[in-house]
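Encoded as structure tokens, the structure appears first; notes follow it.
Atoms within a ligand are numbered from 1 in the order they appear, just like the ligands themselves. Residue numbers run from 1 in the order of the sequence given. Heavy atoms only: backbone and side chains are in, while hydrogens, waters and symmetry mates are out.
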Amino acid sequence: MFKKLAFLIVFASLVLVACQPAVPPATEVPPVAPAATEVPPAAPAATEPPVAPPAKVYTYRDMTVGFLQTGSEGGWRAANSASFKETSGQLGLKLKFYDSQNDLAKQVAGFQQFIQDPEVNVIVMSPLEVTGWEQVLKDAKAAGKPVILSDRRIDGFEDLYVTFIGADFVEEGRKAGTEMCKMLEGSANKNVWELVGNVGAAPAIDRGTGFRETATECGIVVTNSQTANWSIKEGKEVTEAWLKESKDVQGIFGQNDEMAFGAIEALKEAGLVPAVDVKIISVDATAGAFQAMLDGTLNVTVECNPLLAPQVYEAALAALNGETLPKWIPSQEGVFYFDDPNLKEIAAGRKY
Ligand code: AHR
């Protein structure tokens, strides 16, 4: 009886093993067996300080980036957001994308959220305005989360962020002023209207400063200047209002492409020929600006490069690995002209 039972148990277990589903073998890298003859290292003398374990070396796969975007105010911003989303996928890092909807309070709230979020180990921000960041920067530092500024600078507190990666907005303004001087050379009047970005934003402040630095050297007078919040609609409305008051304008400086497009529409509807009767310069050099130059309605566009993500992620990884970086890593930018004989080819080769 007992023998029969024992045989049955053995037979049953053999059957069970044979019926298990096939698990793909994990590609295990077998641990290297220590050589039998190895002599364990002598214990360090009691006097030597304990050896700190080697610091963790972070890779992109270890990175979860909390990115605070300004909002979605135009072609430049769309290209900038796409750069962050696409590059994060290519590098294999995790991106938490926060759209601040061009609202400073929302951007500060998003910042606090990323400080609290245990997954996020580095914070990247495109600050809507140059002030209002002291407390959250201090909190991020206390939480051990490095902060990188992308696209736009802030005033002060350099010790509270790792680096700023972005354009020299003052230089962009200087370039625009220099180009406006060239186009208004010989003009009896040099009255220029300026369409400004959102109040308090670094590009709005700095491009205006740079423009005046070079434009006033050739006698240009900025006779009107007002925010149009980076938008086509407001750029048109503001220009229409000025045209109702006076048509004594020889140039318009749009601090971005969209506001310049709005001015172009307003000039046309007022019976003026954009880029002929009134010279027009914008900043950004998006695809829309190239099309306007090819159409002959925009004279010059000063580039502001939105494809910042690769440089920003590289800096973020370096920061996580404890490297010290320069406080400012400028982006590379050019200037483009409507009368460039190669304009069509240049436009065809642009990424944004
Ligand atoms: O910060 C860069 C600026 O932000 C761009 O020039 C403008 O188009 C955008 O809104």
Side-chain angles (χ1 to χ4, degrees), residues 67-84 99-104 106-107 124-133 148-155 164-177 179 194-211 226-236 238 252-264 280-292 298 300-309 311-312 328-336 350-352:
F67 176 43
L68 298 150
Q69 181 59 292
T70 58
S72 46
E73 70 272 9
W76 191 94
R77 193 58 56 187
N80 182 249
S81 295
S83 173
F84 278 89
D99 177 351
S100 312
Q101 296 162 358
N102 286 295
D103 179 323
L104 184 62
K106 284 197 176 115
Q107 195 167 49
V124 174
M125 171 172 70
S126 182
L128 271 163
E129 295 183 17
V130 290
T131 54
W133 303 109
I148 291 177
L149 302 181
S150 166
D151 158 37
R152 294 179 178 184
R153 67 169 182 78
I154 63 170
D155 284 347
F164 157 50
I165 297 174
D168 180 343
F169 294 130
V170 177
E171 184 55 24
E172 289 173 352
R174 289 193 198 105
K175 288 175 184 172
E179 297 304 330
E194 180 190 34
L195 294 165
V196 182
N198 71 283
V199 176
I205 298 166
D206 296 351
R207 287 171 185 165
T209 305
F211 183 80
Q226 187 179 327
T227 182
N229 289 307
W230 310 113
S231 90
I232 297 176
K233 179 174 173 295
E234 290 187 49
K236 185 176 181 204
V238 170
I252 291 181
F253 171 41
Q255 285 194 354
N256 82 334
D257 293 339
E258 275 81 6
M259 294 187 289
F261 301 157
I264 289 166
I280 306 181
I281 294 185
S282 71
V283 178
D284 279 349
T286 57
F290 278 84
Q291 190 52 55
L298 177 68
V300 174
T301 188
V302 174
E303 182 173 31
C304 179
N305 183 353
L307 308 182
L308 301 174
Q311 278 179 292
V312 169
W328 179 23
I329 302 173
S331 39
Q332 305 313 315
E333 300 170 338
V335 179
F336 301 94
R350 303 279 293 169
K351 290 204 187 76
Y352 57 90

Check ligand 1 against [X] and write out every atom of the ligand that is under 4.0 Å from a heavy-atom position of the residue.
X	result
P203	1 (O)
E73	4 (O), 9 (C), 10 (O)
R77	1 (O), 2 (C), 3 (C), 4 (O), 9 (C), 10 (O)
D284	5 (C), 6 (O), 7 (C), 8 (O)

### Message
Less than 4.0 Å is my threshold; does some heavy atom of E172 fall inside it relative to ligand 1?
### Response
no

Item to complete: Report yes or no: does a heavy atom of V283 sit under 4.0 Å from some atom of ligand 1?
Response: no

Is the backbone of G197 close enough, under 3.5 Å, to the side chain of Q255 for a donor and an acceptor to pair up by distance?
yes

Original post:
Any sub-3.5 Å donor-acceptor pair from S150's side-chain atoms to V124's backbone N or O?
Top reply: no

Next item on the list: Check the pair D151 / F169 against side-chain contact (heavy atoms from CB on, under 4.5 Å), numbers first and verdict last.
Entry: CA-CA 10 Å; D151 158 37; F169 294 130; 3.7 Å; yes

Is it true that the side chains of [X] and [Y] contain a donor and an acceptor less than 3.5 Å apart?
X	Y	answer
S282	T301	yes
R77	S126	yes
N256	E258	yes

N/O of [X] under 3.5 Å from N/O of ligand 1, yes or no?
X	answer
R152	yes
R207	yes
D151	yes

Taking it one step at a time, do L104 and W133 satisfy side-chain contact (heavy atoms from CB on, under 4.5 Å)? CA-CA 10 Å; L104 184 62; W133 303 109; 3.5 Å; yes

